Every structure is written in structure tokens, then in C-alpha cells.
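A quick write-up on the structure given underneath.
Per chain, numbering begins at 1; letters A, B, ... match sequence-line order. Remember, it's a predicted structure, so these values are computed and weren't measured experimentally.
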Amino acid sequence: MSGTRLSQLFLRTLRDDPADADTDGHRLLVRAGFIRRVASGVYAWLPLGQRVLARTAQIVREEMDRIGAQEITVPILQPLELWARSGRDAAYGPLMFRLQDRKEAQFALSPTAEEVVTTLVAGEYSSYRDLPVTLYQINWKYRDELRPRFGLLRAREFLMKDGYSFHVDVDDLKRTYQDMYDAYDRIFTRCGLVFRAVEAEAGEMGGDTNHEFMAVAAVGEDDFVWCPSCEYAANVEAARRRPPTRHEGLVDAPEMEVVDTPDMPGIAPVAAHLGVPESALLKCIVFEVDGADGPELGAALVPGDRDVSVHALALSLAPHPVRLLTDEDFAKRPELTRGYLGPHHAALEVVVADPSVAADHPWVTGANAADRHVRHAVLGRDFAVDEWADLVAVAPGDACPRCGSALAIDRGIEVGHVFQLGTKYSEALDARYQDDAGDQHPMVMGCYGVGVSRIVAAVAEQLHDDDGLAWPAALAPFQVHLVALPGRGEAAEQVSAAADRLYDELTAAGVDVLYDDRDASPGVKFADADLLGLPVRLTVGAKGVARGVAEARLRATGAERELALDAVVAVLTDAPSS
RNA sequence: CGGGCUGUGGCGCAGUUUGGUAGCGCGCUUCGUUCGGGACGAAGAGGUCCCGGGUUCAAGUCCCGGCAGCCCGACCA
């Protein structure tokens, strides 16, 4: 039952690249006939793709079951009222697909399922004796992305494993969180991905811990920072560098002096004009932060050769929301001469600076007047800092916060995310339990996502070459691509018979084998075999059959080996991928 | 939402400037030759030229209005 004849398979490979595919993985998945686009960000899974998807889902399922999570299925079609209760109706906004029934009741297609699952648990469980419990489903999710991209990578319909755990307290949550983290590690390892677990930005709740699992890929949409020497890794938004030591005391410098910098609102031209490095300039980013008496004007200071991490800035002033000034804001405030601002501006009510601003040299910065900068600006003499925070956005080469080694930055595809949620949803949706003293508490929750269809895309992105895909054995739609090359010579019948026999034997032995029994030329068969990317290609041709051998070739490495026809099954069942 | 580009057999594209028989490559069907790296010849099938309106003797082509797709940006997990 595990074999399929290529002549019967619903498959058409394409010789030309599809016009709308712009990454290697997407291009090859389409060319090899694994998927077909139905609408923007919406794909049909053809038999080969379907098998890969099913295998991926099965790996996820096995690892979830292994840590005691229980599989359920909740509706994709969900009443909008449920989303209104948690307030995420508005939060998700146009990202949710919405529809209504004939009675005009509002529904949404599930972009995730915290509301449904939390409500479900709240309805069944109410005692500390019931907890903890972890539920998960593997189901289609819908997000009306502004811009679907890269085929399966950012699709509007995608297969996701979403898991939810419910606990009496944070300590208990942390145990399940660690189990999930470990399970995710196994999942992505089994899928053959090169990946890294990175610390992610804490959510708006502040204390939430969460990690993203990033498959390393140039086409990824997220940057992450990692340390080659230790285990530190973080999403670029959450990453921090080891802060430089602050220089103590006043820097000795001549009096602050205004210099003409006509029509130079940027760092680079000013540095060039004055003949100083960009790192000698003080970058001054103005923002608004909500204070006790309404919005206050603030400035964030970093050296001119560095960028401000908006997330770090927001964190430094939390819980007060921060917002950078827009073009309109500048238009409304002519006293803020954009491009020529300095930290000594009279309108600034709060100044936050990176430790590197406490340097052993004075600064060049804006003069708060158009076309003018100042030099010899000295911290503590010419400008003051109210708060110190690690504001500099991490760049390659910065010191690791843990070990001090030079950090590296890579791009990745987010294939998984584990999150310690806390009580946000349990409070909004009344998921409470009673403790042994009879008191009511909101359940403490965790949520855990795996992009199942996205794993398929990420693997295609990582494992391929110019000729086609190269599936790891764990995900491959079939393990063996059996190619018969009977030709038209005297041996044709003999070769076909030998290939047929091998196919039957392998199938009987439980090996997943795709048998290219088509009446096609060798070149076509080999090209398709490379394109489909099954781990082992087994070629049966006239020359080999005459000597009683078939030729095995590994897709990933190109390594070849001759196998005696009567030993093939034994070798391939022993170690399908070796 | 802003900017740019594109919609022509299943796929990839030309034709649109200058209106006049709808083409090429791949794929598909049939026949013959070929058969260990996408073979060759011959004969075929397959198209509301995205949709709607308009101009014109005549529209794939010109005009107006829609829709869809792709890319860049903004945005987002």
C-alpha cells in the first residue's frame, strides 16, 4: 500500500519557473507539483505535497502526545461574539476574515483559537484538581494578510498546530512551557531544519516570557541575533548588547561652539563636512510619551553610527506608551527643526540615553536651529540625561550580553512560538478555578504555535539545489524513487520485469516507493527525480540488470552505490536514508 | 493604504507603439525513429486575448470604468 506508480500519480512537473514565485523553495514546490496556487496566499496541496504536509503534522502530533498534550479539533468557523468578549475582535481588525450566515449572525474564520479553547476549558473545568491540562489542535488558520508572500511562507490559509495549557500558577506553567520548548526542539530537529530558539520581545503585558523558533533562511522575514560562543539568541527586537562602560565625570573640552552645516539634516553629511567619524555625532530621536499631565516630549540619544531600538525605548519608559514623531507632528511644531535637534532643546521634558553616550569625548549634535550644529557638547555640562537605557539596536559585532563575544545576525523564518500568556484570556473569558481553600483564581495560561505548512516551506527553502528539492527522510513523500530504464533493446522486458519485481518487493516490505514506470526517456526521468527530491533514487537499467545490480543514489549528497538486485530490499529497509 | 508593473490555450512568453487572418517555446494527443541526464520528425487538439461599457466598417491593440495578480513601501505574527 505504500507504493505509487508515477504513471498513475496526479502530477505534472513544470519545466519553466512559475512567474509568481520568487524564492527557491516556493518555485521548486510549484515546479515539482507539490502545490498549486488557487488565490493569493491560498494553495492547493497535490498528492506529493499532501504527503509531506501529513508527515510534518504527524511529527508534531507525536511530539505533542509525548508530553501529554491532548489533541482536539475546534471550529474554524467561529462566532465573532467570542472575539468581542476578549477584545481581540478589534485588535485583529481587518486581519480576520469575517462572514455572516443567512440570519446575518457574524462569524470569523479562525486566525488562532485562544478564545474558543479557553471558553471550552472554562465550561468543563473549575477545580485546581483538574489542572494542569494541555490541549492542541492541528487545523487550518486564516489571516487576511496585507501582503501574502513567498508562497506558503506567508499564506492567508495555513496549517498550524496551536496548543494551550491551563495552570493553577506560574510555576506550573513554567514546567509545561519547558516541556513544550523541548518538544519544539525535537520537532524541528526531526524535520531536518537548521533552526535556533530565540528570545522574543516581551508582549504588552511586560513580564511575559516567550521564545520563537527560527528556521535559518535568507528569505526569512525576521532578523535574529545569536552568539557563536554561548547559547544567547534573541529576536533582533528583543536583543540587547552588553552595554559599554560609562565614562564618569565631565569630559574636558572647549566651550560649545555653533558651526554652519547648511542643508545637512543627516548624520553622514555633517560628519563628512566636519571631518569627524559618524560615531562622534549624537543622534537625537524625538518622541512623545504619555506622562501624568498628558503627552511629554522626549529625546532618545545614541551615537551617530547606531540606530535606536524603538522596542528598547518603549521598554525603558514602560508602562507609559511611546510614539515617535511623524512628519505631521514635525509640521505642527516648527520649533522642532528636524535634522538639527540636540539634547539641550528647551522643549524636551525627558532625555533617555544609551550608556555609550557617556563617552570619553564631547559630541557633535544639532544646534536646535536649521542649518546649524554644535560641537564640543559635553554631557553634564551642555546637556543632561534623565534616564539611561540600552537603546542601541544590536548590530553584528556587538558584545554578547552573556559572554561578551561578538554577536552575529541572521535572517529566519518563524516556524514556532511558545508563549507564557498569564491570565489575559482567562480573565477576559472567565476561565477560573477554585483552590483548596475555596477561593476563585483565573487560570494561568500558556499558548504554543507551530506553523506546520510553514515548516514545509522552510524545509524546501533550506534543502534544495539548482536541480530540485532534497527532502529529509522524515518528511519525504516517498523514501525511494525507483526509476526503470528498460529502453528498447533486447533486455527491455527483462529490465521492466526486474523493476516491477523490485517495486513489489519494496512495497511489500513497507518501503514508501514511487515507481517511475512511465514510457519516458532517461533524461526526463532523472530530471524529474532530482526535482521531486526523494532521498534515495534507485535506477534499474539494462547494464545493471545484466550484472544483477541496481544503482542507488542519495539525492542530498549525490553519493552512489550499486546494490545487488536481491539485496536491495534488505539494504533499504535496514536504513532507508543511508 | 501609497508607488510601480502585469493580465493573451495547462505553464512560460511575443503580439498592443502604428486597429485588419491570434502566434512562439514547453506541456498534451496520434504515428514513426530514438532510449543512462529534460531526443527528433510529421500530423493534431486546445484560446470568451481578465470583466463591463464605449469609439470604429473592423478592437488583443484605442478610450472609460471595474476586477485580479506580482514587486517595493507602510503594516503585522
Side-chain angles (χ1 to χ4, degrees), chain A residues 10-23 26-27 30-33 36-42 44 46 88 91-96 111-112 114 141-151 153-156 158 160 162 200-201 203-204 210-214 220-222 235 237-238 310 324 326-327 412-419 447-451 454 466-468 483-492 495-496 499 516 518-532 537-547 549-551 553 558 560 562:
Chain A
F10 180 60
L11 172 74
R12 183 111 298 148
T13 58
L14 304 179
R15 208 185 269 227
D16 294 315
D17 286 335
D20 60 355
D22 37 20
T23 72
H26 183 200
R27 184 171 61 78
V30 174
R31 269 193 63 203
R36 287 288 183 265
R37 195 183 74 88
V38 171
S40 177
V42 180
L46 308 190
R88 288 213 295 178
Y92 260 97
L95 202 59
M96 274 207 290
T112 172
E114 278 83 1
K141 299 293 182 298
Y142 297 81
R143 294 185 191 173
D144 190 7
E145 297 284 352
L146 283 173
R147 191 170 164 201
R149 236 197 296 215
F150 302 149
L153 275 184
R154 178 168 294 265
R156 296 197 294 175
F158 56 99
M160 173 168 145
D162 46 323
E201 181 68 14
E204 66 272 22
N210 66 111
H211 287 84
E212 295 170 338
F213 287 78
M214 308 286 264
E221 298 186 270
D222 299 272
N235 185 299
E237 293 172 351
V310 177
L324 298 186
T326 62
D327 291 353
I413 298 162
E414 183 187 344
V415 286
H417 201 153
V418 290
F419 211 102
C447 69
Y448 319 91
V450 170
R454 191 180 263 190
D466 290 347
D467 296 324
V483 177
L485 300 178
R488 289 289 163 79
E490 298 167 4
V495 171
S496 287
D516 192 345
R518 296 176 299 175
D519 179 22
S521 71
V524 168
K525 292 189 173 187
F526 287 143
D528 274 344
D530 288 342
L531 183 59
L532 302 192
R537 187 184 80 193
L538 194 59
T539 307
V540 179
K543 293 177 202 160
V545 168
R547 292 169 29 236
V549 299
E551 171 195 301
R553 177 190 170 97
E560 293 188 3
E562 284 190 346

Legend entry - Cationic N near anionic O, under 4.0 Å, A:Arg537 to A:Asp528: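 No.
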Heavy-atom distance under 4.5 Å between the side chains of [X] and [Y], does that happen here?
| X | Y | result |
| --- | --- | --- |
| A:Thr13 | A:Arg31 | no |
| A:Thr539 | A:Phe526 | yes |
| A:Phe150 | A:Ile413 | no |
| A:Met160 | A:Val450 | no |

Legend entry - Which nucleotide in B:rC26, B:rC28, B:rA77 has an atom nearest any side-chain atom of A:Arg12: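 My answer, after comparing the listed nucleotides, is B:rC28.
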Inset, instruction - From the options B:rG38, B:rA74, B:rA77, select the nucleotide whose nearest atom is closest to the side chain of A:Glu414. - result: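 Of all the options, the side chain of A:Glu414 is nearest to B:rA77.
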Considering Watson-Crick and G-U wobble pairs with both distances under 3.5 Å, what does [N] pair with?
| N | answer |
| --- | --- |
| B:rC13 | B:rG23 |
| B:rA77 | none |
| B:rG44 | B:rC28 |
| B:rC70 | B:rG4 |
| B:rU34 | none |

Check nucleotides 8-12 of chain B for protein N or O atoms closer than 3.5 Å to its own N or O atoms and list the pairs.
unit_1 : atom_1 : unit_2  : atom_2 : d
B:rG12 : OP1    : A:Ala19 : N      : 3.3

Inset, instruction - Determine: side-chain N/O of A:Ser40 to OP1/OP2 of B:rA68, distance under 4.0 Å, yes or no. - result: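 No, no such contact exists.
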Legend entry - Set of salt bridge (charged side-chain N to carboxylate O under 4.0 Å, His left out) partners for A:Arg154, sequence neighbours left out: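 Residues passing salt bridge (charged side-chain N to carboxylate O under 4.0 Å, His left out) with A:Arg154: A:Glu145, A:Glu221.
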Rounded to whole Å, how long is the line connecting atom [atom1] of [X] with atom [atom2] of [N]?
| X | N | atom1 | atom2 | answer |
| --- | --- | --- | --- | --- |
| A:Glu237 | B:rC75 | CD | P | 11 Å |
| A:Met214 | B:rA77 | CE | C1' | 11 Å |
| A:Lys525 | B:rA39 | NZ | C1' | 15 Å |
| A:Leu95 | B:rA77 | CG | C1' | 8 Å |
| A:Arg27 | B:rC71 | CZ | C1' | 17 Å |
| A:Arg31 | B:rG27 | CZ | P | 12 Å |
| A:Leu146 | B:rC75 | CG | C1' | 5 Å |
| A:Glu145 | B:rC70 | CD | P | 13 Å |

Please state the [atom1] separation for the pair [N] and [M] - nearest whole angstrom.
| N | M | atom1 | result |
| --- | --- | --- | --- |
| B:rA14 | B:rC50 | P | 14 Å |
| B:rC5 | B:rU21 | P | 29 Å |
| B:rC71 | B:rC24 | C1' | 27 Å |
| B:rA22 | B:rG4 | P | 35 Å |
| B:rG9 | B:rG47 | C1' | 5 Å |
| B:rG65 | B:rC11 | P | 29 Å |
| B:rA59 | B:rG12 | P | 29 Å |
| B:rG60 | B:rA42 | C1' | 31 Å |

Inset, instruction - Output, in order, the C-alpha distance, side-chain angles, deciding distance and verdict of side chain to side chain contact (heavy atoms under 4.5 Å, CB included) for A:Val540 and A:Val495. - result: CA-CA 7 Å; A:Val540 179; A:Val495 171; 4.0 Å; yes
Inset, instruction - Classify every nucleotide of nucleotides 31-37 of chain B by which part a protein heavy atom approaches to under 4.0 Å, writing B for the base, S for the sugar-phosphate alone and - for neither, in 5'-to-3' order. - result: ---BBBB
Legend entry - Shortest non-hydrogen separation from A:Arg143 to A:Phe158 and the atoms involved: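 Smallest heavy-atom distance, with atoms named: NE-CZ, 3.7 Å.
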Inset, instruction - Check every strand shown and say whether A:Glu212 touches a base, only sugar-phosphate, or nothing at a heavy-atom separation below 4.0 Å. - result: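 The answer is nothing, as A:Glu212 stays clear of every strand by at least 4.0 Å.
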Inset, instruction - Could you check whether A:Arg154 gets within reach of a base, just the sugar-phosphate, or nothing at all, counting any heavy atom under 4.0 Å? - result: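 If one applies the 4.0 Å heavy-atom cut-off, A:Arg154 turns out to touch a base.
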Legend entry - Exam field: side chain A:Lys141 to backbone A:Gly451, donor-acceptor pair closer than 3.5 Å: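 Side chain of A:Lys141 to backbone of A:Gly451, a donor-acceptor pair under 3.5 Å: no, none is there.
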Inset, instruction - Spell out, as yes or no, whether a donor-acceptor pair under 3.5 Å connects the side chain of A:Arg37 to the backbone of A:Val42. - result: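 Such a contact is absent between A:Arg37 side chain and A:Val42 backbone.
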Inset, instruction - Nearest-nucleotide wise, let me know which of A:Arg518 and A:Ala39 is further upstream toward the 5' end of RNA chain B. - result: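 Nearest-nucleotide comparison on RNA chain B picks A:Arg518.
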Legend entry - Derivation of the side chain to side chain contact (heavy atoms under 4.5 Å, CB included) call for A:Arg36 and A:Leu46: CA-CA 7 Å; A:Arg36 287 288 183 265; A:Leu46 308 190; 3.6 Å; yes
